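Report on the following structure.
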There are 2 protein chains.
Amino acid sequence: MKNQELAERTKNSLINTARVQFTEKGYAETSLEEIVGKINITRGALYHHFGNKLGLFKAVVEVVQRGIAESIEQESAKSENSWEQLVLGCHAFVHAALLIENRRILLVDGPAVLGWNEWSEIDEHHSESRLLQKITDLKADGLIKDSISVKALTTVISGSLNEAVLWVSHAENPEQAKDEVLAVIDVMLNGFRK
Amino acid sequence: MKNQELAERTKNSLINTARVQFTEKGYAETSLEEIVGKINITRGALYHHFGNKLGLFKAVVEVVQRGIAESIEQESAKSENSWEQLVLGCHAFVHAALLIENRRILLVDGPAVLGWNEWSEIDEHHSESRLLQKITDLKADGLIKDSISVKALTTVISGSLNEAVLWVSHAENPEQAKDEVLAVIDVMLNGFRK
DNA sequence: TTATTTACATACATTCTGTATGTATGTTAT
DNA sequence: ATAACATACATACAGAATGTATGTAAATAA
């Protein structure tokens, strides 16, 4: 079993340093040599474990998504009220997505590099699926206006959160911007309530 | 003046075919040879006129943005009512962004390739500035809830529209999806109304 | 203990972008 | 009208990056 844990260690090292590089320079601008150089191995190891550059990126994306989903889960569990859980979840997403180690991969490069189909497939296993589930429940409980499509609403909310995070992160005063954005989101969510 | 119009023709050809290629294959996956090959010139001409690959992409983005902005302008002008103009503008954006020749460049590659700063700089000269202006006016006229920040609201609306378009374009039934999304957007906008 | 798989390294082929240079044609100044 | 210059490209080349094919030592299985 010494071989397996060695492999596991190299894979994790690759994912971790790749995440840093992808975050700092973006997918296209990071070379694989840059990544393997940081941990003193060669591209041979990388190609052995991940097949190609995209394979490594997907592995990084998985880690990022898992982290976000966990944050949301944790935060929204702080309330018993179903509607409050939605609000808490949205706020948690904003907080988590704002973190440097998540932002670019989650909001910019992820969708662009992987393309819509592959991206939403991954997304649906994580944060977006949580949001969809919550909204489906709220709709079933009659807490959301009847005229509204659950999937369309999920999309609209998700999109607004994404763009909001990007704006906040580039605002002159990010703290204030975050407050403003969260306030707008609260109003928005309330607008969908029955 | 014969030289100038020749140059203008080549530039337009490059922009047009580049737009097609960028739309079909994305920025990273299109090679410059592919573009110049289609119109039987060499990369020399391309580099002469646009400096580099990014320069050509920016030129394409400008064209796309201008088109979208014009659609919005035109549609929203169909009403005298200020609030209706906002709604019409949002709907027009959805329609325009859904067009194949705009979608990918506007919603996926544009922001990812150019990065937030450069993208918003271009965006602020076109569609986003129109939206911001409209919302600013509505706020000044007391038609929007007081607690809401104009810039944050603009961001939220813009983000929801973007994501909505992407979802509609990949839906099994795009026509229905579009109707659903527009309905959600109307509800959302109303939620911000005072 | 021999065979085979695993985890890499090394070497190489290919494909891009970008730059430097060459050239013919158009434009301007005298 | 012609010399000087600028423009609009084409051509050739350098450099970087991905991906693939092959080699190898260590671990594991037979």
Side-chain angles (χ1 to χ4, degrees), chain A residues 1-61 104-105 109-110 112-115 118, chain B residues 1-61 104-105 109-110 112-115 118:
Chain A
M1 286 263 165
K2 209 173 152 215
N3 227 351
Q4 199 175 117
E5 68 181 64
L6 176 68
E8 215 56 38
R9 260 224 311 262
T10 22
K11 282 207 276 186
N12 283 332
S13 296
L14 279 168
I15 291 177
N16 290 334
T17 69
R19 182 178 185 169
V20 173
Q21 293 307 113
F22 288 152
T23 297
E24 287 177 0
K25 312 182 59 181
Y27 178 79
E29 287 73 27
T30 346
S31 82
L32 298 180
E33 284 292 349
E34 248 175 291
I35 296 172
V36 297
K38 295 248 174 192
I39 52 180
N40 283 5
I41 59 175
T42 66
R43 288 184 303 125
L46 194 158
Y47 277 93
H48 174 68
H49 287 297
F50 297 101
N52 54 25
K53 190 179 182 181
L54 205 66
L56 177 58
F57 184 70
K58 283 187 205 171
V60 172
V61 165
R104 184 166 192 167
I105 294 168
D109 285 352
V113 170
L114 295 180
E118 221 165 337
Chain B
M1 285 265 166
K2 206 171 154 220
N3 228 350
Q4 200 176 115
E5 69 180 63
L6 176 67
E8 215 56 39
R9 261 225 309 262
T10 349
K11 282 207 277 186
N12 283 332
S13 297
L14 279 168
I15 290 177
N16 289 334
T17 70
R19 182 177 184 171
V20 173
Q21 294 307 114
F22 288 152
T23 296
E24 287 178 358
K25 312 185 57 182
Y27 178 79
E29 286 72 28
T30 30
S31 81
L32 299 181
E33 285 293 347
E34 247 174 294
I35 296 171
V36 298
K38 296 248 176 193
I39 52 180
N40 283 8
I41 60 175
T42 66
R43 288 185 303 127
L46 194 159
Y47 277 93
H48 174 69
H49 286 298
F50 296 101
N52 54 24
K53 190 179 181 181
L54 205 67
L56 176 57
F57 184 70
K58 283 188 206 172
V60 172
V61 165
R104 184 167 192 166
I105 294 168
D109 285 352
V113 170
L114 295 179
E118 221 166 334

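These numbers come from a predicted model, not from an experiment. A, B, ... follow the sequence lines: proteins, then strands. Residue 1 opens every chain.
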Please check the phosphate of dC8(C) (OP1 and OP2 only) for any side-chain N or O of His49(A) closer than 4.0 Å. yes
Distance, rounded to the nearest Å, where Gln4(A) contributes CD and dT5(C) contributes C1': 13 Å
Side chain of Thr10(B) (C-beta onward), nearest among dA9(C), dC9(D), dT18(D): dC9(D)
In whole angstroms, how far is the P atom of dT18(D) from the CG atom of Leu46(A)? 9 Å
Heavy atoms only: give me the nearest Val60(B)-Ile15(B) pair and the separation to one decimal. CG2-O, 3.7 Å
If I take atom CG in residue Leu56(A) and atom C1' in nucleotide dT18(D), what distance separates them, rounded to the nearest angstrom? 13 Å
Could you state the atom-to-atom distance from CD of Gln21(A) to C1' of dT18(D) in whole Å? 17 Å
Among all residues two or more places apart in sequence or in another chain, which pass the ring-ring contact (aromatic ring centres under 6.0 Å, His included) test with Phe57(B)? Phe22(B), Tyr27(B)
State the OG1-CD distance between Thr30(B) and Glu24(B), to the nearest 0.5 angstrom. 10.0 Å
Pairs where residues 25-42 of chain B contributes a residue and the test salt bridge (Lys or Arg N to Asp or Glu O under 4.0 Å) is met, not counting sequence neighbours: Lys25(B)-Glu34(B), Glu33(B)-Arg43(B)
When the distance from NZ of Lys53(B) to C1' of dG18(C) is rounded to whole Å, what number comes out? 12 Å
Please work out which residues in residues 24-43 of chain B have a non-hydrogen atom less than 4.0 Å from an atom of DNA chain C and list them by number. Thr30(B), Ser31(B), Leu32(B), Arg43(B)
Just to verify, what does Ala45(A) make a side-chain contact (heavy atoms from CB on, under 4.5 Å) with, not counting sequence neighbours? Ile41(A)
Side chain of His48(A) only, please: which of dT6(C), dT17(C), dA8(D) is the nearest? dT6(C)
In whole angstrom, what separates Leu14(A)'s CG from dA7(C)'s P? 13 Å
Once you round it to whole Å, what is the distance between P of dA8(D) and CZ of Phe50(B)? 12 Å
Sort and list the pairs that fulfil salt bridge (Lys or Arg N to Asp or Glu O under 4.0 Å) and have at least one residue in residues 48-59 of chain A, not counting sequence neighbours. Lys58(A)-Glu118(A)
Separation of Arg9(B) atom CZ from dG26(C) atom P, in whole Å? 13 Å
The side-chain hydrogen bond (donor to acceptor under 3.5 Å, both in side chains) partners of Arg104(A) (sequence neighbours excluded) come to none
